[in-house]
A.B. asks: 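Pasting a structure here, questions to come.
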Amino acid sequence: MSILENNPYRKDFPLIDQMVDGKRLAYLDSANTTLKPLPVIEEMDRYYRAETSNIHRAHYWLSENATNKFEETRDKIAKFIHAPDRKQVIFTKGTTESVNLVAQSYVRKFLKAGDEILLSQMEHHSNIVPWQMAAKDKGIIIKKIPINQKGEIIFDEYKKLLSDKVKLVSIVHVSNALGTINPVREMIKLAHTYGAKVFVDGAQSISHLPINVQDLDVDFFAFSGHKMFGPTGVGVLYGKEDVLNAMDPYQGGGSMIDRVTFEETTYNVLPLKFEAGTPPIAGVIALGKSVDYLNQVGINKIMEIEHELLVYATEKLLSIPGLKIYGTAEHKASVISFGIEGMHPHDIAFMMNKSGVAIRTGHHCAQPLMDFYQVPATCRASFSIYNNKEDIDQLYHALKKAVDLFKE
């Protein structure tokens with residue numbers, strides 16, 4: 001039986017059973033944040049109810065238990081992304097902080113005036129603004145990798161932009177606004193022939209595609225817990241060991257030090273060098289449970305489910321008069337951005353909410369991409385393993401109703 005008819009994973013996500021204005025909830029905003037399965041929720045609750053303690057700072061049982069669980073998550077993450085060593089897994093607040101860390105600790109130290117950074121036209125603001133801030137202070141030049149109307153990198157244009165002046169390429173793995181899966185392995189290989197480092201924003205790929213940082217040969221890879229069934233406020237930066245060792249800390253404070261005097265401070269070893277202060281302990285521990293859940297379901301099964309959802313939803317939505325899909329790349333994840341002729345996306349979202357359908361509208365923190373398509377905003381439906389045929393049908397009927405009301 002098709003997963004669209006009988007989804008066995010819905011029962012793991014308690015929020016999915018909520019009602020909105022008397023309507024069943026159809027949660028179609030997983031690219032924004034995923035829902036949380038029971039094991040993640042229960043682990044957060046357990047820590048605060050029975051295991052609260054700081055880590056790396058004491059030798060009583062509570063502290064040692066919390067420290068062990070915190071570091072177990074680091075081991076799980078390292079294995080999940082195939083990192084060569086656990087010390088290359090740095091905990092941050094999320095993808096945004098990871099980008100800022102590299103912008104401050106790598107770009108400011110190693111790049112100089114006249115050097116170039118390449119960013120694609122489909123990047124999230126958090127993969128644009130931090131580089132701009134560092135570039136402005138240093139006289140670094142940022143260049144745009146163009147895309148085509150389908151929402152795909154124009155690879156020949158990317159090749160033309162590469163030169164010995166390019167010191168960093170930062171590229172999204174999967175577009176949050178379009179669902180495009182970029183050819184990051186090929187882009188990394190080509191960038192390395194010019195001596196450039198590559199940062200990959202994996203926020204949208206971490207729970208949708210198999211990730212092997214060694215196979216990619218990526219210099220930096222970042223993602224957020226809340227996009228992979230985990231808590232908000234926690235994320236990961238992976239980096240190659242030699243590069244991380246050469247970088248200076250992003251923040252100063254507790255844990256990141258070796259020895260402090262008023263004359264000089266020496267820094268701790270990886271990964272603690274980049275983990276100043278008390279971290280989101282409960283969040284990191286619960287993130288370990290989200291990794292367990294992903295492994296339990298299996299990335300291949302997730303890809304199979306989401307592809308079936310994407311195909312079904314695309315066919316249904318394209319049958320609605322006046323509806324246009326933005327982002328029709330050949331390789332695409334479970335995201336559909338769309339507009340309806342004559343209707344503002346925010347009006348559409350308001351009407352969807354009245355039908356219990358949760359979709360995202362706006363520029364999706366990708367204003368340069370909206371400028372490319374010459375639209376102020378789009379509607380976006382995004383899917384995960386807890387969605388089913390009924391969710392998509394509910395969206396379809398709500399959109400049909402909205403179009404009919406607009407015509408009156």
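Values reported hereafter were calculated over all heavy atoms of this structure, with side chains retained and with hydrogens, waters and symmetry mates removed. What you are looking at is a predicted structure, and each value in this text was computed from that prediction instead of being measured.
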A.B. asks: Please verify the inter-ring angle class for H125 with H363; under 30° counts as parallel, over 60° as perpendicular, anything in between as tilted.
C.D. replies: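 It falls in the tilted class, 30° to 60°.
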A.B. asks: Is the closest side-chain heavy-atom distance between L395 and I359 below 4.5 Å?
C.D. replies: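 Yes, side chains in contact.
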A.B. asks: With no hydrogens and no angle check, do the side chains of T67 and R57 hold a donor and an acceptor under 3.5 Å apart?
C.D. replies: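 Distance-only check fails for T67 and R57.
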A.B. asks: Check whether the side chains of D217 and H192 place a donor and an acceptor atom closer than 3.5 Å, and report yes or no.
C.D. replies: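 Looking only at side-chain atoms, H192 and D217 do form a donor-acceptor pair, the distance falling under 3.5 Å.
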A.B. asks: Pick one: which of L15, V357, D17, D391 meets side-chain contact (heavy atoms from CB on, under 4.5 Å) with L25?
C.D. replies: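 Result for side-chain contact (heavy atoms from CB on, under 4.5 Å) with L25: L15.
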A.B. asks: Is it the case that Q204 and H124 place a side-chain donor and acceptor less than 3.5 Å from each other?
C.D. replies: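 Judged by distance alone, the side chains do not pair up.
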A.B. asks: Under 3.5 Å, is there a donor-acceptor pair between the E264 and T261 side chains?
C.D. replies: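 Judged by distance alone, the side chains do not pair up.
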A.B. asks: When you measure from the centre of the six-membered ring of Y396, is the NZ or CZ of K316 closer than 6.0 Å and no more than 45° off the axis?
C.D. replies: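 Yes, K316 sits over the ring of Y396.
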A.B. asks: Taking P146's backbone N and O only, do any of them form a donor-acceptor pair with E157's side chain (distance below 3.5 Å, no angle check)?
C.D. replies: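 Absent.
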A.B. asks: Verify the distance criterion only: is there a donor paired with an acceptor across the side chains of T33 and H226 at less than 3.5 Å?
C.D. replies: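 Side-chain D/A pair, T33 to H226: present.
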A.B. asks: Please name the residue in the list S30, S207, S334 that meets the side-chain contact (heavy atoms from CB on, under 4.5 Å) test with E306.
C.D. replies: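 Output: one option passes, namely S334.
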A.B. asks: Just by distance, no angles: are the side chains of S224 and T95 close enough, under 3.5 Å, to form a donor-acceptor pair?
C.D. replies: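 Yes, because at least one side-chain N or O of S224 sits under 3.5 Å from a partner of the opposite role on T95.
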